[in-house]
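Contents: one structure, followed by commentary.
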Amino acid sequence: MYRSAVYDEPLLNELVSSKKEKIKPLGILPDSLKRNEKINIPDIDETQVVRHFHHLSQMNYGIDSGIYPLGSCTMKYNPKICGEIASWDGFAGTNPYQDVSTIQGNLQVMFELERMLCEITGMDYFSLQPAAGAQGEFLGMLLTRAYHEFNKDFERNEIILPDTSHGTNPASAAMAGYKLVEISSAKEGTVDLDVLEKTLSEKTACFMLTNPNTLGIFESEILEISKIVHDTGALLYYDGANMNAIMGKVRPGDMGFDIVHLNLHKTFATPHGGGGPGSGPVGVKMKLEKFLPVPRVCKNKKDYFFDYNAPESIGKIKGHYGNFSVLLKAYVYILMMGRDGLRESSEIAVLNSNYMKKKLLDSGRYELPYKELRKHEFVLSCEKLKQEKNVRALDVAKRLLDYGFHPPTIYFPLIVKEALMIEPTESESKEDLDRYVDALIKISDEKPEIVKNAPGNTPVKRVDDVGATKKPILTWNMI
Amino acid sequence: MYRSAVYDEPLLNELVSSKKEKIKPLGILPDSLKRNEKINIPDIDETQVVRHFHHLSQMNYGIDSGIYPLGSCTMKYNPKICGEIASWDGFAGTNPYQDVSTIQGNLQVMFELERMLCEITGMDYFSLQPAAGAQGEFLGMLLTRAYHEFNKDFERNEIILPDTSHGTNPASAAMAGYKLVEISSAKEGTVDLDVLEKTLSEKTACFMLTNPNTLGIFESEILEISKIVHDTGALLYYDGANMNAIMGKVRPGDMGFDIVHLNLHKTFATPHGGGGPGSGPVGVKMKLEKFLPVPRVCKNKKDYFFDYNAPESIGKIKGHYGNFSVLLKAYVYILMMGRDGLRESSEIAVLNSNYMKKKLLDSGRYELPYKELRKHEFVLSCEKLKQEKNVRALDVAKRLLDYGFHPPTIYFPLIVKEALMIEPTESESKEDLDRYVDALIKISDEKPEIVKNAPGNTPVKRVDDVGATKKPILTWNMI
Amino acid sequence: MKFIPNSAIKDTMLKEMGINDIEELFSDIPKKIGIKKLDMPKGLSQQDTEQRLRGIANKNKSFYDGVSFLGGGIKPHYIPSVVKSIISRAEFYTAYTPYQSEASQGFLQAMFEYQSMIAELTGMDISNCSLYGGFTALAEAALMCTRISRKKTFVIPQNISWEKKSILNNYAKGPGIEVKEVSYDVKTGKIDLEELKKHVDENTSGIYIENPNFFGVFEDKVDEISGIVKDTGSLFVVGIDPISLGVTKSPGEYGADIVIGEGRSFGNPMDFGGSSLGIFACKKEYLRQMPGRIIGITKDADDKRAFCMAFQTREQHIRRGRATSNICTNEGLCALAAVSYLSWLGGNGLEELSRINFEKGQKLAESIELLDGFEGMFSGVHFNEFVIKCSNDVNKVNKKLLKKDIQGGLVLDTWHPELKNCMLFGITERHADADIERLVSALKEVSHV
Amino acid sequence: MKFIPNSAIKDTMLKEMGINDIEELFSDIPKKIGIKKLDMPKGLSQQDTEQRLRGIANKNKSFYDGVSFLGGGIKPHYIPSVVKSIISRAEFYTAYTPYQSEASQGFLQAMFEYQSMIAELTGMDISNCSLYGGFTALAEAALMCTRISRKKTFVIPQNISWEKKSILNNYAKGPGIEVKEVSYDVKTGKIDLEELKKHVDENTSGIYIENPNFFGVFEDKVDEISGIVKDTGSLFVVGIDPISLGVTKSPGEYGADIVIGEGRSFGNPMDFGGSSLGIFACKKEYLRQMPGRIIGITKDADDKRAFCMAFQTREQHIRRGRATSNICTNEGLCALAAVSYLSWLGGNGLEELSRINFEKGQKLAESIELLDGFEGMFSGVHFNEFVIKCSNDVNKVNKKLLKKDIQGGLVLDTWHPELKNCMLFGITERHADADIERLVSALKEVSHV
Ligand SMILES: Cc1ncc(COP(=O)(O)O)c(C=O)c1O
Ligand SMILES: Cc1ncc(COP(=O)(O)O)c(C=O)c1O
């Protein structure tokens, strides 16, 4: 039996009413800037603040609450030690502008992390600056542009992506000013080499790919892909948000990729914190090094220093040196796991995924379009359920909540109808995988009314997401 | 609406089964001590440990969850900063045997805390050693014995206590080898001076009193009490577990008490941690100083040191110097509150208590035996409910859980029938007090079946406490 | 294996699946590129890891190992224990983006409260629930101005940080926005209004100013600037230090259309420049062009109030290449820290905090300016940062201070050659008067040598 | 006012109650003794408090500021972050004793698990859910032996800590128990069996030994001792260092009736000697005479498994003067740390930990004994503590080590005059080999001077 805690928790401004009050203007300020009214934020005692957020927290599900197999999100357990170390004053209490002699520890972390990421991915250099995967992609696109411009190759204004690509890929490419060309997948669920070949041209700046792709399928023809892309003079970009599948098994650098971004907040054990902060380091091959953002961390004999001397650098993409605490957590995690631990985590992530996939397919309730062998995740279709009982992927997802489980990603990638995208990760136990599979099977047998009216065990019943857009209430003043 | 989280959380040994396994005996050990079998504690991955305790925690109610007006327990909000400071390596990482030059910070905390407690209570000296209130009482009894023996007064083997006294009072006195003489309260709910006078004799070692007493009533005749106790040569002991009522208003030392214990884990903002660790410092008047446990913290010019030179000392009562982290939290709390804060907290604790009392009495549903004016707590009787609908104090308590509130202490003190002992403390808001009062009134109007079948919103239904004693299952091997 | 429960039973699982060797699951990887192992050491135990990291941390000097007066936007602010305890609640800390609203009501409500407070502070109608940081928030604002106005010049003053400019220029490349810089008045440190007028025209999509600006100086001609903006029909973007808003007018009151800023100082650590929190608020008419995520109120099936992500159709996971931004992961936990911090502080507390920062800033500046060899560079009224010109070599001064465990001001001439031997000092409520005295007496000493 | 929400509205509340002045609520306090204010400073802000405490903490040197080899029972052990994160869950940390079981299932289940593990470790049937510490646990065991046997002599060996003896003597006063001390063999450090036999008779309620004892030495003649105990018909009480149990036999296996010990090392900090955790386990026939609280399994109204406090009729809140102990508050959170720690470690982990401590103990002892001027005092096999005799003045040696930020062994002669110039060294899994080398080379130096 599972049931979430429920509190009727008022908004902070309902907890204690605050009224408009004049304040004593600050004399020295120019009149044009003197505030007249007190900021209308309620004044609440610490005791009440604590309870408010305590109650709210209990109405929130995290990876520490239970299995969270959101595909393309790698919700795995994040060792507590990483967070503890990141909170030490010796790290968290440092200022980015300090004299370099007083931040040698931070620089060592960054320097060594860069080497570690290079080894894991097979790339030559990394920039640790991007704040998230999407910003890493954007940086990748800026590097692509810098590269072609440096080579006086000004006509390359197209980015090719498969139709399975993550939404941030086209969004980032578009932000960087590129035209998008989406190609449809082959019947195996992988890149259609013929289509790719036809689409590539002297206008192609880059081909963006995820491997394993968002169906969880490894693109076995990656070397051929790499060849034809490079033959046309374009670059090959690796969306490495999901390195969890391949660490210690195969490396994007060896597959022929020129640019890679990683999501440290996925594979490298930074908790998502409800949506960030993250870190999306970008790795490149030698030929792209000179374009990387400043500063880079270098070492001379014994001391680390920041190197700003990079005339071809694109400059900056984020303030300072990235989300340092996330870099630090990744560093700690990699140190702890070591080469065998990283490999093992990928192996078991893939094992868990294929284990669940097999059990679910054997049940006959769900279908698996495309190729069978998957890596860290797999995408099922609920199309049959929809046809038979009008139960949709959304309904299944909501009903899972009643079993105390977080649902998978739904309706992505777009090429699978009624998609359930399941990524168990390596940190789930067999018992939990089995219970999840059982729940999915049970749900498929339940009466449609039950499933369509789910959830019932959560703090609220099914939420009308569309309602929020129809009549926008986005602050408490708009209520 | 309120509902607690529910998980069907297995026991750790059900989560992962462990089997009896031989181990490689440690060669150097004598055969008689070589372990043969591996300790039968399950080997669980960190990920599962975290979830297990995460789930358990959500099935537990703390003061951060909501109002917790357990009478005689002073469940008030504990500022987070106290716990944070106590966890610093600079404190938590110190060893009690370190060279005194390396622990001057700890000694300063203890030295100054002793001075603070003296000022708050009006006593001359304090020992910070006892681990809890009850151990403080026990130490008080040992000091009483040492005092009389020092004075060659060997016949004093009786301790007098009122019938309202806390259970630990008689238990501690008995442990110290004393005969107990319980006296019944006057009709006002206070000490009956005549009865006391008649009970006192040359056999009386000490009179133990709580003031305000456990009914929440201040013993206004305290000076008279003090006089007659001292006139017979006995000592007067103050159970100061509940200093919350009188800080900055009146002091036990000024009332004539010779020995006082405090509960730092009640009034001085250490969270109870599910039942400890606590700290029950004992304060004494000058004449008892020489009997205090060793070591005492003293200061010479600039340095603090431990003084073991106390030939009349009773020796030790607990290892080392008490539960240091609790002392530290109290120290931090008192620094933050300062003289005005402490006074204000007592004033509002008393205000909140009388406010609730009045509202509940006005409702006519509950009765208040004895005197009206209360301090930080008050004790209602559900006798009327019992007579009218057979709803008992226990039922009311369980039903409160369904409203999301922790019940009051019940069936204590023993002289009030169907007692509800309510101590709101100063850290509750008027809104919460009102909601609590409303719930109590509503419950009194509810159908008896509903109340007697409560709770329903908790992780389990009403628990059969007696069952646990009938067929003892006290470890997982006994299941 | 650590953090991998099924490690111990993988053979059983493989058997159950009819697989002999785990390598079969990787048979789709071309042999040619498969690797046997990574070239890195074996893993460390938690104890050894902690030990190793203690050693590394000891190579740093944090704010607690000395005292620092570095300006430039990142300064030590007091973080109440309450905030740390709230953001470490695992239900928040280990949650993903709240895609499933029924299981995320707690975080969603907190973000809704965050948005409400930011709107209140900035005087805007609405706020999103965070961008990567204050620097990219400016870049996103520039993009948004172009989306709204369809014009392609964005005007900024010179008195903002070089990093911000660099980021803005990178973001501007995509849509081909031209970024124009307006010089500042070398006496006051404020934007030069005459220059500004010259730089704006019918192609201007938006005009940006900062209050206080990078030199700590307040731009007080806000009504004139607002007038100039309205005249050109462009959008008025204002950057703020949120702590200053306790005593200064909200940009909304002087006509801003978009307000951006760095919110780290609300309950987040300096974190070597990480843990950034991009504040982004605007008028409600621009809602559909906003970047980032927004939380709204709706109903559940029982008509009960419920929270969810709103206007997701602007976002990359739905609109892909035509989204208003590529934001997916944002800075959720930093926003949670901010809303807990502001709840703890309250309106009164923020006002007081603001005053204290203001006063400390005045006091420090006055104390330094009294010294021989140091003079205030700008006459404009400043907040808790300000620029001082030294008669000596500023780098030498700093090195000497460092020997006394004092980190002096930020040296400006690398990026502002016109500010040779100038330092940007900063101070906050965390600095005691004794710290000021310590700096002042150290400056006295070092300036002579 | 801080932490007092109604401070702001107290006048409204008073009015509602028909009271003019809050003093009316204190009118029952005799004027003569009422005070106006306490003689102490005004309160500090949280920021100032933190600052002040940082200064105080800096006057300490913790384990992290150097290295310490102090024996005597309190040593640094590794505390995994997981344990800290579990015990800081507010639902646990801010709960009272679980009187209302329906609202305390989480803590109750954890305590049940704690009891199960302690029983497993000690080889006993049952365990309570903590006493104040290992020292009072011995005292409570002595009281319990008398309750069970109705006899009044309790026999202890001399080789236990003086503090423990002092506490025992204080607890023994009430029931008038005579505590007899049996000397130890000065060569082996173990209890003298012949002496023991002389001290026991038909009045003996119980016999206590420690494994390892205060000198770190194992009492290996456990079967003989057990035989002596059984022969007198008294109870066999054994004190343990729980970490040693990973590789040594549980006392249950050699006939103990009651097992006590200090459990701090399971996930709790040294805390200057606080955060103590009294382990208390025994055979089930003595259940009703046990001190402290016990958690049991029962059913709820739906017949579902539920946890609650069991055998409360032994306790002070019900039985008052005739309770089996006066325990009310115990060491709940320390027990929670212990159960989280043991869950994290697991049986295999505990075995390994035990081995490491054993091996480090051997290694350190061997290294020191090789040095001129230092010799091992006892021949008995020892765990992670041991006694070394110095040829020089031991206090001088320690002072010199301290100058090198090394805290040497615990000097014993204050309480054991027979052990002049002896030190009790201790080491754990937290000490690296480099630490040992550091000590050894320092000892080499200082012993010459
Ligand atoms: C495949 C893929 N690419 C890119 C991203 C974007 O990363 P971020 O959310 O850090 O911006 C994600 C994250 O959801 C992803 O799964
Ligand atoms: C009045 C009174 N005296 C003594 C005690 C015992 O204190 P402790 O639980 O710390 O042993 C309590 C605690 O419940 C109490 O309320």
Side-chain angles (χ1 to χ4, degrees), chain B residues 26 30 33 39 41 43 49 53 56-57 59-64 90 92-94 96 102 104-105 131-132 134 167 170-172 174 176-177 180 218 250 254 271-278 315-316 319-320 323-324 338-339 341 344 426 429 458-463 467-468 473-476, chain D residues 1 4-5 25 28-29 33 38 40 42-43 56-57 59-63 70 86 89-91 94-97 101-103 105-107 116 119 126 132 135 166 174 220 247-248 269 272-274 296-298 300-302 306 308 310 316-317 320-321 323 326 329-333 343 346-347:
Chain B
L26 188 66
L33 288 177
I39 295 270
I41 289 178
D43 289 293
V49 173
F53 289 102
L56 291 187
S57 76
M59 295 191 284
N60 219 61
Y61 189 101
I63 184 75
D64 283 8
T94 55
T102 65
Q104 289 292 306
S172 302
L180 308 176
F218 191 83
V250 63
D254 300 337
H272 281 75
K316 300 224 61 167
H320 315 295
N323 276 329
F324 183 71
R339 57 158 190 256
E344 177 88 353
E426 75 276 16
S429 68
T458 44
V460 292
K461 297 279 169 66
R462 194 176 295 195
V463 171
I473 308 179
L474 307 170
T475 69
W476 57 44
Chain D
M1 251 298 169
I4 313 177
L25 295 174
D28 46 6
I29 296 178
I33 51 175
L38 292 168
M40 48 167 67
K42 289 202 176 171
I56 296 177
K59 298 183 192 165
N60 290 333
K61 294 212 168 193
S62 82
F63 176 69
L70 280 169
I86 289 171
R89 293 278 306 162
E91 295 89 334
T94 75
Y96 202 80
T97 299
S101 35
E102 295 86 353
Q105 285 297 298
F107 200 82
S116 302
I126 56 176
Y132 298 142
F135 292 9
S166 175
D220 53 356
V247 287
T248 62
F272 202 45
I297 283 186
T298 183
D300 78 350
D302 287 348
C308 68
Q316 48 74 28
H317 62 284
R320 299 176 66 84
N326 65 342
T329 292
N330 51 25
E331 302 279 318
L333 202 71
S343 316

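Below, chain A is the first sequence line, B the second, and so on; all start at residue 1.
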- Task: Rounded to the nearest 0.5 Å, what's the gap from OG1 on Thr248(D) to CG on Leu26(B)? Could you check?
- Result: 9.5 Å
- Message: Just so I understand: if I count every heavy-atom pair under 4.5 Å between each of Ser343(D), Ala119(D), Ala306(D), Ala310(D) and chain B, which residue has the most?
- Response: Ser343(D)
- Task: Heavy-atom distances under 4.5 Å only: say whether Ile86(D) touches chain B with side chain, backbone, both or neither.
- Result: side chain
- Message: If we define contacts as heavy-atom pairs under 4.5 Å, which of Gly90(B), Ala92(B), Gly278(B), Ala132(B) has the most with chain D?
- Response: Ala92(B)
- For chain D, find which of Ile473(B), Asp254(B), Thr458(B) contributes the most heavy-atom pairs closer than 4.5 angstrom. Ile473(B)
- So, do Asn323(B) and Glu331(D) sit near enough that their side-chain heavy atoms are less than 4.5 Å apart? yes
- Contact winner vs chain D - Asp64(B), Leu56(B), Asn60(B), Val250(B), heavy-atom pairs under 4.5 Å: Asn60(B)
- Query: So which of Leu38(D), Thr97(D), Asp302(D) has the biggest tally of heavy-atom pairs under 4.5 Å with chain B?
  - Reply: Leu38(D)
- Heavy-atom distance under 4.5 Å to chain D: side chain of Leu180(B), backbone, both or neither? side chain
- Query: Counting N and O atoms only, with roles assigned by atom type, does the side chain of Ser166(D) sit under 3.5 Å from a partner on the main chain of Lys316(B), one being a donor and the other an acceptor?
  - Reply: yes
- Task: Taking Ser172(B) for its side chain and Ala134(B) for its backbone only, find out whether a donor-acceptor pair lies under 3.5 Å.
- Result: yes
- Residues Ala95(D) and Tyr61(B): closest non-hydrogen pair is CB-O, 3.4 Å
- Message: Report which part of Ala103(D) has an atom under 4.5 Å of a heavy atom belonging to chain B: side chain, backbone, both, or neither.
- Response: both
- Going by heavy atoms in the side chains, are Phe272(D) and Asn60(D) under 4.5 Å from each other? no
- Message: Can a donor-acceptor pair be found, under 3.5 Å and without considering hydrogens, that links the side chain of Ser116(D) to the backbone of Trp476(B)?
- Response: yes
- Message: Just so I understand: if I count every heavy-atom pair under 4.5 Å between each of Gly275(B), Ala171(B), Gly93(B) and chain D, which residue has the most?
- Response: Gly275(B)
- Give the member of Leu333(D), Ile126(D), Thr94(D) that has the highest number of heavy-atom pairs under 4.5 Å with chain B. Thr94(D)
- For each of Gly177(B), Gly62(B), Pro96(B), Pro170(B), tally heavy-atom pairs with chain D at distances under 4.5 Å, and name the one with the top tally. Pro96(B)
- Determine the option with the most heavy-atom pairs under 4.5 angstrom with chain D, choosing from Met59(B), Lys461(B), Arg462(B). Lys461(B)
- Do the ring planes of His272(B) and Tyr96(D) sit parallel (below 30°), tilted (30 to 60°) or perpendicular (above 60°)? tilted
